[in-house]
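Here's the structure, in structure tokens; my notes come after.
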Amino acid sequence: MIRFLHKVANSFNSAKQPQIHFHKQLKPARANLTLKSYLKSNPIKTILLFSDLLRKKISAVDSYSLLYVIKACTKNSLATEGKQAHGLVIKLGYEPIIFLQTSLMNLYAATASVADVHQVFDEIPNKNVVCWTSLISAYVQNQKPNRAIEIFRQMQMDDVEPDQVILTVALSACADLGALDKGEWIHELISQKTDFSEDLCLMNALLNMYVKCGDIRKAKLLFDNVKIKDVRTWTCMIVGHALHGQAEEALRLFSALEEENKSRSSKSRETKDQLLVPNDVMFIGVLMACSHAGMVEEGKRYFRSMNEEYGLKPRLSHFGCMVDLLCRCGLLNEAYSFILAMPIQPNAVIWRTLLGASGVQGNVELAAVARSKLGELEVSVVGDDVALSNIYAAKGMWEEKIMLRHEMRQRRTPGCSSVEVGKLHS
DNA sequence: ATAGGGTTAG
């Protein structure tokens, strides 16, 4: 970390003249309020004002200013600026401030430098539960849920008492792993603590864990027991039903939410403030349910109502759900025209959906189109070629198959699997 | 004044 020190002053001095004006008589305490307020509206302005302060006088910044600038770097995943801020923490002798250390851990987690997160953690002399949370969260954010759980165990062996926040993070690691047994063990810990089950964030994480680990009965039981729910609670349950092929339950739940909102909006103003307005994530669950059940017309209707009734702009994933729905129902040509009419560029997943469906239905023409689109996107992996090659084989088109194999060998792109965990609950 | 948390197609 020391080696970044010498760069610090220079890089801040050579920064472009910021457009932000401030009075040089501002004391840190005063400027810090401004830094903090920019953080919410536009974190880049926090960084510009900070470097401006620093250029004039190093004593114009204190540990609070640094905290805000580190958070600004975290929000925008700015690795270089973040390292410079870390250098300043050391230079100004703020290393013993634990708030700065945990903020630095979050910064490195956001810039995908998990090794740096761990190093900062190791150098903290008196680690509290917040430090452990940041560490575990870093591993979860960077797709290492196994490591996150290991560290959670290690923390307990160090006799650090877990709180609601770290249990929430640990549960998301279990969800990512599909580790039902570990999730249930954390559920036990929650039950032993008074008041923990009143934390909605924690309950939503627990619900999500049961959903992702495939225990839909426990999920539903929990959902019914959570008295005050928010949009995420409902979304989680709707997605849960959809993932488990329970399309009817998913759609029934969505209708129940709409009914609940109708009755609330006709009542007092207080209940109007508690409206559970569906968001775009919830519609992914709804569209997934339609897809599983093969409900084309309903799917199209929900897709339209998303925009018309709720003013939600469909994102790439919603278009993906629609393509999946059309393909599953065998409407390949309609899926293809739907893709061509999309207002945003389709990604590889969408073309791959069409390619897969074309394979199943033996539509060589569309399969070739989808494959060439995948090629254009330069993300073609061996798996796509294998799919197409099998279609050719099934059709007895051996020459094409041999040519494809030859192409694949020349590209030498290794195939890969996304399954890393031994345990799969489906 | 200051640190850590939950839903997202295939």
Side-chain angles (χ1 to χ4, degrees), chain A residues 28-33 35-37 39 62-71 74 94 97-107 109 117 120-121 124 127-138 140-141 162-173 175 199-209 211-212 219 226 229-240 242-243 278-292 299 303 314-325 327-328 346-357 383-384 418:
Chain A
R30 180 80 185 282
N32 286 341
L33 288 177
L35 288 170
K36 189 183 181 181
S37 73
L39 202 51
D62 61 9
S63 66
Y64 291 91
S65 333
L66 264 165
L67 183 80
Y68 298 134
V69 85
I70 292 168
K71 281 187 151 191
T74 306
Y94 294 144
I97 301 175
I98 201 160
F99 299 92
L100 286 174
Q101 296 300 344
T102 47
S103 294
L104 285 169
M105 289 174 70
N106 299 328
L107 163 77
V117 177
V120 173
F121 175 82
I124 301 173
K127 304 163 178 64
N128 59 22
V129 69
V130 182
C131 305
W132 285 95
T133 309
S134 289
L135 183 65
I136 291 173
S137 171
V140 174
Q141 277 173 251
D163 66 359
Q164 289 100 316
V165 182
I166 200 157
L167 292 178
T168 307
V169 181
L171 280 170
S172 73
D199 187 317
L200 188 53
C201 266
L202 183 56
M203 288 304 104
N204 284 343
L206 189 58
L207 180 62
N208 179 51
M209 184 279 294
V211 161
K212 297 292 154 62
V226 177
K229 306 175 175 72
D230 67 1
V231 184
R232 288 181 178 204
T233 322
W234 286 85
T235 302
C236 203
M237 199 63 236
I238 291 170
V239 170
L243 282 175
N279 59 22
D280 51 354
V281 184
M282 190 175 284
F283 274 97
I284 288 171
V286 169
L287 295 175
M288 271 169 63
C290 294
S291 186
H292 275 286
F303 187 75
R315 284 183 293 111
L316 199 51
S317 43
H318 299 97
F319 287 105
C321 288
M322 287 306 288
V323 171
D324 188 58
L325 172 63
C327 282
R328 276 184 203 235
N347 65 0
V349 174
I350 287 180
W351 288 116
R352 207 170 282 135
T353 303
L354 186 67
L355 176 59
D384 298 323
S418 56

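Side-chain contact between A:Phe283 and A:Phe303 is absent, with no heavy atoms from C-beta onward closer than 4.5 Å. A:Phe121 is not listed as a side-chain neighbour of A:Ser134, based on a closest heavy-atom distance of 4.5 Å or more. In this structure the side chain of A:Ile124 reaches within 4.5 angstrom of the side chain of A:Met105, judged on heavy atoms. Between A:Leu207 and A:Val226 the shortest side-chain heavy-atom distance does not fall below 4.5 Å. Residues A:Val129 and A:Val165 have side chains not in contact (no heavy-atom distance under 4.5 Å, counting atoms from C-beta outward).
Between the side-chain ring of A:Trp132 and the base of B:dG4, no stacking contact exists by the 5.5 Å and 30° definition.
Closest to the A:Ser137 side chain, of the nucleotides B:dT8, B:dA9, B:dG5, is B:dG5. Taking only side-chain atoms of A:Tyr64, from C-beta outward, the nucleotide of B:dT2, B:dA9, B:dG5 with the closest atom is B:dT2. The side chain of A:Met288 has B:dA9 as its nearest neighbour among B:dA3, B:dT8, B:dA9. Considering only side-chain atoms of A:Cys321, the nucleotide from B:dA9, B:dG5, B:dT7 that sits closest is B:dA9. Of all nucleotides listed (B:dA3, B:dA1, B:dA9), B:dA9 comes nearest to the side chain of A:Asn347. Nearest nucleotide to the side chain of A:Val281, out of B:dG5, B:dA9, B:dT7: B:dT7. Among the nucleotides B:dG5, B:dA3, B:dT8, the one closest to any side-chain atom of A:Lys212 is B:dT8. Across B:dT7, B:dG5, B:dA3, the shortest atom-to-atom separation from the side chain of A:Val165 is found for B:dG5. Nearest to the side-chain atoms of A:Leu67 among the listed nucleotides B:dA9, B:dT2, B:dT8 stands B:dT2. Of the candidate nucleotides B:dA3, B:dA1, B:dT8, B:dA3 has the atom nearest to the side chain of A:Ser103.
Residue A:Lys71 is in sugar-phosphate contact alone, with no base atom involved, counting any heavy-atom pair closer than 4.0 Å across all strands shown. A:Leu206 comes within contact range of no nucleotide atom at all, as no heavy-atom separation falls under 4.0 Å. Within 4.0 Å (heavy atoms only), A:Tyr68 reaches at least one base atom of the nucleic acid. Nucleic acid contact for A:Leu316: base, since at least one base atom lies under 4.0 Å from a heavy atom of the residue. Within the nucleic acid shown, A:Asn106 comes within 4.0 Å of sugar-phosphate atoms alone, with no base atom in reach, counting heavy atoms only. Backbone-only engagement by A:Ser134 is indicated by non-hydrogen atom pairs under 4.0 Å involving sugar-phosphate atoms exclusively. If you check every strand for non-hydrogen atoms under 4.0 Å, A:Val129 touches a base. Among the atoms of the strands shown, none is found under 4.0 Å from any heavy atom of A:Leu287.
Look at CD on A:Gln101: it is 14 Å from P on B:dG4, rounded to the nearest Å. Following rounding to the nearest Å, A:Leu66 (CG) and B:dA1 (C1') show an atom-to-atom distance of 15 Å. In this structure, A:Leu171 atom CG and B:dT7 atom C1' are separated by 14 Å, rounded to whole Å. Atom pair A:Ile97:CD1 and B:dT2:P shows a separation of 14 Å (rounding to whole Å applied). Going from atom CD1 of A:Ile70 over to atom P of B:dT2 covers 16 Å, rounded to whole Å. Between the C1' atom of B:dT2 and the CG atom of A:Leu33 lies a distance of 12 Å, rounded to the nearest Å. Atom P of nucleotide B:dA3 and atom CD1 of A:Ile98 are separated by 13 Å, given to the nearest angstrom. The CE-C1' distance, from A:Met209 to B:dG5, rounds to 16 Å in whole Å.
Residue-to-nucleotide contacts include no donor-acceptor pair under 3.5 Å from the side chain of A:Asp324 to the base of B:dA9. Put simply, the side chain of A:Ser317 and the base of B:dA9 share no donor and acceptor less than 3.5 Å apart.
Looking at A:Asp324, its side chain never comes within 3.5 Å of a backbone N or O of A:Cys327 through a donor-acceptor pair. Although no hydrogens or angles enter the test, the distance criterion places a donor-acceptor pair under 3.5 Å between the side chain of A:Thr74 and the main chain of A:Ile70.
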